[in-house]
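Notes to accompany the following structure.
For ligands, and for the atoms within them, numbers begin at 1 and follow the listed sequence.
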Amino acid sequence: MRSPSLKTLSFTLMLALGALAPWRGQAASPAPVKAEHGMVVTAQHIASDIGVEVLTKGGNAVDAAVAVGYALAVVYPTAGNIGGGGFMTIRFKDGKTTFLDFRERAPLAATKSMYLDDKGNLVKGLSTEGYLAVGVPGPVAGFEFARSRYGTRPLKELIEPAITLAREGFVLEQGDVASFDGNTEKLARDPAAAAIFLKPDGKPFAVGDRLVQADLANALASIAEKGPDAFYKGAIADAIVKASAEKGGILAKKDFEQYQVRELEPVKCNYRGYDIVSSPPPSSGGVIICEILNILEGYPLSYLGYGSAETVHAMIEAMRHAYVDRNTALGDPAFVENPVAKLVDKGYAEEIRDKIDPFKAGTSEALMPEGFAESKETTHYSIIDDEGNAVAVTYTLNGSFGAGVVAPGTGILLNNEMDDFTAKPGAPNLYGLVQGEANAIAPGKTPLSSMSPTIISKDGQPFMVIGSPGGARIITITLEAIVNVIDHGMDIQEAVDAPRIHHQWLPDKVFMEPYALSPDTRKLLSAMGHDVQVDENWPIWGQATGILIGGENLAEIEAGTGARYNGAADSRIGAGAARGY
Ligand code: GLY
């Protein structure tokens with residue numbers, strides 16, 4: 001192994017070379033969508049249209065985010081929701097930033113061992129399906145908090161399109177139908193969910209069918225009429241609490257009555273001169289993105305090139321180290337001390353770089369702290385308005401269609417976010433994350449998230465709005481989109497479409513999307529000791545939605561020849577769309 005000083009010297013040399021000979025990515029993707037006044041990128045095209053309509057009528061980006069949030073609850077029921085939770089990062093036109101946490105809270109009757117049997121073993125399915133998996137939902141409170149503080153339009157106006165869509169229904173296209181795939185059995189187990197999301201014969205919807213959600217329309221109309229109290233203090237909470245009690249859940253009316261949105265200081269860091277603003281705890285997202293970027297800053301990624309063994313090795317090792325911190329040190333800030341300052345410190349990143357052997361894979365076991373895997377179906381949307389206000393929202397039911405339950409009469413799908421807690425220290429969760437005590441279950445506590453709604457600026461001007469679903473992989477998806485734009489010169493569509501790799505400390509494996517790495521690159525990585533494979537259970541992941549400001553890529557931005565707003569919905573999303581005006 002080389003000494004740190006030699007390594008530093010060689011990295012400096014490579015950095016200098018990188019600066020002279022930047023490699024520009026040339027991926028094969030359609031051109032980003034271009035607009036001059038506003039851009040909305042979501043996982044469902046009707047929701048994107050609704051967002052743009054709010055902007056064209058004079059609403060700001062926060063107004064559009066609220067309207068889109070309600071619309072996705074209707075047109076993207078696999079993840080769009082009012083029965084789950086989420087985060088909103090806002091960068092105002094004057095450069096100020098803020099972060100809203102409207103994620104689920106554990107019910108007051110929750111206990112640390114609620115998913116274990118009397119022998120201390122995890123009971124399969126308890127934290128992922130049915131009412132015991134449900135955390136207290138936050139979106140209705142979160143959207144109203146955002147609208148009343150930072151929006152300009154009345155709630156009724158913003159919620160109206162969602163009510164109409166739910167009441168009159170909308171015709172399902174191929175991308176919509178695809179988002180229902182694989183959930184028929186789960187939905188069939190709950191009669192209220194089955195009555196809405198399956199056909200009368202129990203079969204899944206097909207292209208051309210119309211999805212009508214009359215109960216959801218009524219619930220939305222009562223929220224439009226009475227505000228969040230309709231959800232947290234009125235008939236909706238009563239219906240959910242009743243169904244929960246009848247079906248083995250522990251939700252109580254008090255859980256709803258005392259739900260509070262938190263406004264928090266976002267996590268901030270700087271990567272190669274770009275200012276990153278992202279999610280603080282109770283998300284691990286912003287902290288871990290910053291930690292990985294700080295580590296990667298010491299490597300000339302642009303020179304080494306997208307997908308090269310050297311670039312991928314540096315990324316894997318940075319991810320390995322940062323995910324140890326994610327899985328062991330972070331939790332709800334109201335319950336645990338989060339070492340955020342240390343984790344986003346450049347000196348800490350340098351210490352980690354010194355431990356990385358440039359020629360050999362590290363081992364995750366060796367990083368196991370003394371004493372000591374999340375959802376595919378989250379959704380992210382990115383918005384920017386004519387004044388330059390930018391909003392990034394990631395919200396989720398956790399698993400696809402959440403806990404798969406709807407309290408009769410409400411039409412509202414409920415989350416299974418309780419699975420994001422550490423149900424048993426050291427045991428992998430639904431998505432393979434092995435987590436520790438900092439994220440243990442406690443009454444009123446919020447489970448640690450990976451959601452990373454991120455806004456980047458450069459020289460005081462907005463540069464990029466980005467985020468994605470993908471459970472524990474949200475962090476690396478968002479990170480890779482950033483690196484693809486800043487280091488590899490890709491345009492925003494190429495950056496979100498490019499095949500991905502992922503490492504999360506445990507399991508000690510490098511997951512790659514098909515074709516992400518050439519056979520010879522894989523051989524080089526294997527020779528270094530990396531176990532690289534396509535994850536058969538989850539071969540393609542993430543649905544990033546991004547906006548690049550001032551050009552479709554860095555070259556256009558630098559030349560000053562680009563469109564003002566450049567939007568891209570990940571090609572992996574069947575129904576998504578970037579829309580601008
Ligand atoms: N349930 C996905 C996340 O919050 O990370």
Side-chain angles (χ1 to χ4, degrees), residues 43 69 72 76 78-89 99-106 115 127-129 133-139 142 262 264 267 278-289 292 319 322-323 325-327 330-333 338 373-381 392-404 413-423 428-435 438-439 441 445-454 466-479 502 504-505 538 541-545:
L72 284 171
Y76 194 61
T78 182
N81 71 86
I82 57 172
F87 300 135
M88 183 183 291
T89 305
F99 178 85
L100 305 182
D101 161 22
F102 53 93
R103 184 159 163 86
E104 298 85 341
R105 319 284 181 229
Y115 301 119
S127 65
T128 53
E129 229 184 290
V134 180
V136 185
R262 285 186 285 197
L264 302 167
V267 162
S278 191
S279 49
S283 180
S284 60
V287 180
I288 301 305
I289 287 176
I292 299 175
M319 290 171 187
Y323 270 81
D325 293 330
R326 184 218 177 274
N327 293 1
L330 299 177
D332 183 339
N338 288 294
E374 214 152 285
S375 163
K376 307 170 184 184
E377 293 310 340
T378 299
T379 189
H380 174 85
Y381 52 98
V393 177
T394 315
Y395 77 146
T396 184
L397 288 167
N398 193 26
S400 190
F401 293 94
L413 273 161
L414 295 166
N415 67 84
N416 59 352
E417 212 69 59
M418 292 294 285
D419 188 67
D420 274 354
F421 277 118
T422 309
N429 75 355
L430 187 57
Y431 300 97
L433 277 172
V434 179
Q435 308 183 96
N439 189 30
I441 306 171
K445 190 174 174 183
T446 292
L448 186 65
S449 171
S450 298
M451 293 189 290
S452 312
T454 298
I466 188 75
S468 178
R473 301 181 192 192
I474 291 173
I475 294 170
T476 55
I477 298 163
T478 308
L479 170 100
H502 174 75
Q504 60 183 39
W505 173 43
W538 197 3
W541 60 86
Q543 300 183 334
T545 52

Which ligand 1 atoms are under 4.0 Å away from a heavy-atom of Glu417? 1 (N), 2 (C), 4 (O)
Atom indices of ligand 1, in the order listed, that fall short of 4.0 Å to a heavy atom of Arg103: 3 (C), 4 (O)
Shortest non-hydrogen pair, Asn416 vs Gly402, comes out as ND2-O, 3.4 Å
Side chain to side chain contact (heavy atoms under 4.5 Å, CB included) involving Asn415 - partner list, sequence neighbours excluded: Glu104, Val134, Pro137, Leu397, Glu417
With sequence neighbours left out, what residues match Phe102 under ring pair (Phe, Tyr, Trp, His ring centres under 6.0 Å)? Phe143
Does ligand 1 come near enough to Thr378 that some N or O of the ligand is less than 3.5 Å from an N or O of the residue? no
Between Tyr323 and His502, what is the ring plane arrangement, given parallel below 30°, perpendicular above 60°, and tilted in between? perpendicular
